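Structure first, commentary second.
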Amino acid sequence: MWQLLRQIARTGIVTEPAPQPFDRADPAVQRIHDDILAILGQALAIRQVDAGSCNGCELEIHALNNPYYNLEGQGIRFVASPRHADLLLVTGPVSRHMEEALRRTWEATPEPRLVVAVGDCGCTGGIFGESYASCGRVANVIPVDVSVPGCPPPPIELLRGILGAVRRDRRARG
């Protein structure tokens, strides 16, 4: 044990320097946040549904909550219940076991509800397509307003997809 303590004392603290703070997020991200809130005028509640994905898209969705994208600080939040949601963010090809659950989630979401299909699997069925185990793309089960392709799509594209759905809904309501 003494040998280990001597080595620690000789070596000192070996870590990376702390990251430098930044003043603002990327201007494109800030512009998208501002556009969403200008259209809505209030907060946006999102319910994320994994309908059978590999979790690649979920990792990018989780990145939306980090300090760089700061969704919570902009009034956009993820909710646990579809009854509190304005928008469904659906990932993955819809597995047969998730078909009914996805449909019920969509039905439980109050009008006007928006649906964004995320990732190549959500948009087209991806490499899984339609089979005995998969219904394929999200649009085969519920109506989709906007599709965000990519495997997985980066967080900025997810924000653009959410903005596109909100804009489309705003135009439809007049």
Side-chain angles (χ1 to χ4, degrees), residues 26 28-29 32-33 35-36 39-40 42-72 74-173:
D26 183 6
V29 173
I32 291 171
H33 286 189
D35 287 349
I36 290 172
I39 291 169
L40 290 175
Q42 75 263 2
L44 176 67
I46 300 171
R47 172 68 173 131
Q48 193 269 324
V49 180
D50 179 352
S53 77
C54 68
N55 289 338
C57 294
E58 278 74 15
L59 292 173
E60 299 301 318
I61 290 170
H62 287 257
L64 291 174
N65 284 324
N66 70 23
Y68 186 79
Y69 293 100
N70 191 23
L71 281 190
E72 287 280 333
Q74 301 295 328
I76 303 167
R77 68 189 193 287
F78 286 89
V79 294
S81 171
R83 298 194 189 282
H84 302 143
D86 303 312
L87 182 139
L88 293 178
L89 203 60
V90 186
T91 61
V94 183
S95 69
R96 296 282 178 200
H97 296 289
M98 281 298 294
E99 180 180 9
E100 184 64 27
L102 179 60
R103 193 172 286 115
R104 285 184 181 183
T105 301
W106 181 78
E107 290 168 356
T109 306
E111 291 282 349
R113 56 186 161 229
L114 301 170
V115 178
V116 176
V118 176
D120 288 341
C121 295
C123 297
T124 64
I127 61 172
F128 304 101
E130 292 181 43
S131 68
Y132 69 93
S134 173
C135 298
R137 62 189 183 149
V138 175
N140 291 346
V141 179
I142 59 174
V144 171
D145 296 300
V146 174
S147 296
V148 181
C151 188
I156 189 76
E157 293 304 319
L158 293 171
L159 282 174
R160 286 187 179 119
I162 292 167
L163 176 60
V166 170
R167 279 185 178 156
R168 182 176 172 182
D169 180 59
R170 177 71 172 223
R171 281 191 298 250
R173 284 195 271 162

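It should be emphasised that the depicted structure is a prediction, and the values quoted were computed from it without experimental measurement. We count residues from 1, following the sequence as given.
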Non-hydrogen side-chain atoms of R47 and T109 separated by less than 4.5 Å: no

Contact summary for P149 and P153, nearest pair of heavy atoms: O-CB, 3.5 Å

Point-to-point distance, once rounded to the nearest 0.5 Å, from CD1 of I61 to OG of S53: 8.0 Å

Heavy-atom closest contact (N140 atom, E130 atom, distance): ND2-OE2, 3.1 Å

Between CG on residue L44 and CD1 on residue I162, distance to nearest 0.5 Å: 7.0 Å

R104 CZ: over 12 foreign heavy atoms closer than 6.0 Å: no

Nearest-0.5 Å distance, CG of residue L158 to SG of residue C57: 7.5 Å

Residues R103, E107: salt bridge by 4.0 Å N-O rule: no

Minimum heavy-atom distance N65-E72, with the two atoms named: OD1-CG, 4.3 Å

Euclidean distance, L64 CG relative to I156 CD1, rounded to 0.5 Å: 9.0 Å

Side chains of L114 and D86 in contact at under 4.5 Å (non-hydrogen atoms): no

Minimum-distance pair of heavy atoms, taken over all atoms of R77 and A43: NH1-CB, 3.7 Å

side-chain contact (heavy atoms from CB on, under 4.5 Å) between L159 and L71, intermediate numbers included: CA-CA 9 Å; L159 282 174; L71 281 190; 3.6 Å; yes

Heavy-atom closest pair, residues G92 and A51: O-CB, 4.5 Å

Under 3.5 Å donor-acceptor, N66 side chain and A63 backbone: yes

Main-chain N/O of V116 paired with D145 side-chain donor or acceptor, under 3.5 Å: no

Distance, nearest 0.5 Å, that separates CZ of R137 from CG of D120: 13.0 Å

Minimum heavy-atom distance between G122 and A117, given as atom pair plus value: O-CB, 3.6 Å

Main-chain N/O of W106 paired to R113 side chain as donor or acceptor, under 3.5 Å: yes

Flag, side chain of R96 to backbone of S131, donor-acceptor distance under 3.5 Å: yes

From CA spacing to verdict: side-chain contact (heavy atoms from CB on, under 4.5 Å), V49, L102: CA-CA 8 Å; V49 180; L102 179 60; 3.9 Å; yes

From CD1 (I142) to SG (C135), nearest 0.5 Å: 11.5 Å

Check: E58 and T91 side chains under 4.5 Å, non-hydrogen atoms: yes

